[in-house]
Protein chains: 2
Amino acid sequence: MHTDEQHLTEQLGATGFRLTPQRQQVYDVLRHKRDHPTAEEVFIRAKHAMPEISMATVYNCLDALVKCGMARQVTVDRGATRYCPNMHEHGHCHCDACGTIFDVDIPHELAGLTLPTGFLARHFDVAVHGLCAACVAKKK
Amino acid sequence: MHTDEQHLTEQLGATGFRLTPQRQQVYDVLRHKRDHPTAEEVFIRAKHAMPEISMATVYNCLDALVKCGMARQVTVDRGATRYCPNMHEHGHCHCDACGTIFDVDIPHELAGLTLPTGFLARHFDVAVHGLCAACVAKKK
DNA sequence: TCTTACATTTAGAATTATTCTAAATCTTGA
DNA sequence: TCAAGATTTAGAATAATTCTAAATGTAAGA
């Protein structure tokens, strides 16, 4: 049987990292509430269960999680980087009014983009900006 | 006849801005070399023709150009924001090795994304990360 | 077990990109 | 010409992130 903790340990290990209580905690925070928190929000949430954790450690842990493929960085606007434990290929839909971020599937047709000759694509970042239903309603 | 300068004046004016020598200069920098410069790079280039221009003014001008629809902000990575005078709907292709950014057309199929119910999309940001032909060759 | 090497955490300093502030200057319209 | 408001400027302030150095933890080998 493959527990979540084992998976995390393996992924970290394969990239030369160890599983530490802090990394486990930061990962739990990401998985618990998938609202694309910033490093600071992760820090605040992680402190509830682990009051001694420091901001530098949160950055270190997030960085390790990204490098080992257990989390992704999301940059929908110029503000703080956000983090997401959904590793499935997907894009982000951002409400410019309230800031909510929704995960969206991206169609395979995207692979049909005409790229510069010889360009080797490794990752697609798709961000849709606009207004969510609630904010459209508010404007009326 | 509709000169470029007239167009800039009109676009600025429609948004409540004036055409100033600095704004003209910053716009000229963007149009002259379309390599998606950062604000600092724009500043350095603008200083050649206008040595007294300040960084704050460059930010102000770039902001005015973005607001009036003559330039777009491009954020391919967590570094400094980049600017682009290509207002045609397009995405960006970023070489993670050398940092070069290429404009790419984005297919209309993108409009077929399944968005959250009621979401009103206003703008699509597409960034492709990978390696350009030159950097792929270098790795061999 | 003891030791050594190295990874990790921590607090705080440093850096980077950007925004803010306040004073000086410019522009436009009355 | 004058007043109101826009713009520019230098530098201070802020926000997000990275760096530094010391303390601590951990794993592997003698």
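Note that the structure is predicted; figures quoted are calculated from it, not measured. Proteins get letters first, then strands, A, B, ... in listed order; numbering begins at 1 in each.
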| task | Would you kindly give the CG-to-P distance between A:Asp77 and C:dT19, to the nearest whole Å? | result | 12 Å
| request: Using the test salt bridge (charged side-chain N to carboxylate O under 4.0 Å, His left out), find all partners of B:Lys138 that sit at least two apart in sequence or belong to another chain. | output: none
Heteroatom pairs (N/O) under 3.5 angstrom, protein to nucleotides 16-18 of chain C:
unit_1	atom_1	unit_2	atom_2	d
C:dT18	OP1	B:Thr81	N	2.8
C:dT18	OP1	B:Thr81	OG1	2.7
C:dT18	OP2	B:Tyr59	OH	2.7
C:dT18	O5'	B:Tyr59	OH	3.4

| field | d(CD1, B:Ile53; P, C:dC26) in whole Å | value | 15 Å
| query | Reckon A:Thr20 has a side-chain N or O less than 4.0 Å from the OP1 or OP2 of C:dT9? | reply | yes
| task | Starting at atom CD of B:Gln22, determine the distance to atom C1' of C:dC26, rounded to an integer number of angstrom. | result | 10 Å
| request: Please name all residues satisfying salt bridge (charged side-chain N to carboxylate O under 4.0 Å, His left out) with A:Asp103, sequence neighbours left out, ordered by chain then number. | output: none
| task | Take B:Phe17 and B:Ser54, find for each the nucleotide of DNA chain D with the closest heavy atom, and name the residue whose nucleotide sits nearer the 5' end. | result | B:Phe17
| task | Evaluate the salt bridge (charged side-chain N to carboxylate O under 4.0 Å, His left out) criterion for residues A:Asp28 and A:Arg23: first the C-alpha distance (whole Å), next the side-chain angles of each, then the deciding distance (0.1 Å), finally the verdict. | result | CA-CA 8 Å; A:Asp28 287 347; A:Arg23 284 173 184 160; over 6 Å; no
| A:Asn60 side chain N/O closer than 4.0 Å to the phosphate oxygens (OP1, OP2) of C:dT8? | no
| Taking only N and O in the side chain of B:Arg18, is any of them less than 4.0 Å away from OP1 or OP2 of C:dC26? | no
| Who passes salt bridge (charged side-chain N to carboxylate O under 4.0 Å, His left out) against B:Lys47, sequence neighbours left out? | none
| Looking for any heavy atom pair under 4.0 Å, which part of the strands does A:Thr57 touch: base, sugar-phosphate only, or nothing? | base
| Taking only residues at least two apart or on different chains, which pairs with a member in residues 52-75 of chain B satisfy salt bridge (Lys or Arg N to Asp or Glu O under 4.0 Å)? | B:Asp63-B:Lys67, B:Arg72-B:Asp125
| message | Output the rounded distance in Å from CG (A:Leu62) to C1' (C:dT9). | response | 14 Å
| field | Contacts of type salt bridge (charged side-chain N to carboxylate O under 4.0 Å, His left out), residue A:Arg18, not counting sequence neighbours | value | none
| task | Hey, could you give me each pair passing ring pair (Phe, Tyr, Trp, His ring centres under 6.0 Å) that has a residue in residues 51-98 of chain A? Not counting sequence neighbours. | result | A:His36-A:His92, A:His90-A:His92, A:His94-A:His129
| request: To the nearest 10°, let me know how far the axis at one end of the helix from C:dT1-D:dA30 to C:dA30-D:dT1 is tilted from the axis at the other, five pairs an end. | output: 10°
| salt bridge (Lys or Arg N to Asp or Glu O under 4.0 Å): pairs with one or both residues in residues 74-99 of chain A, sequence neighbours excluded | A:Glu41-A:Arg82, A:Asp96-B:Arg122
| request: Would you grab the first and last nucleotide of DNA chain D (5' to 3') that comes under 4.0 Å of any non-hydrogen atom in chain A? | output: D:dA16 to D:dT26
| said: Between A:Thr57 (side chain only) and A:Ile53 (backbone N and O only), is there a donor and an acceptor less than 3.5 Å apart? | reply: no
| Linking Ile, Leu, Val, Met, Phe, Trp and Tyr by side-chain heavy atoms under 4.5 Å, what else ends up with A:Val74? | A:Val76, A:Ile101
| message | Clusters formed by hydrophobic residues whose side-chain heavy atoms approach within less than 4.5 Å: which one holds A:Val136, and what are its other members? | response | A:Leu131, B:Leu120
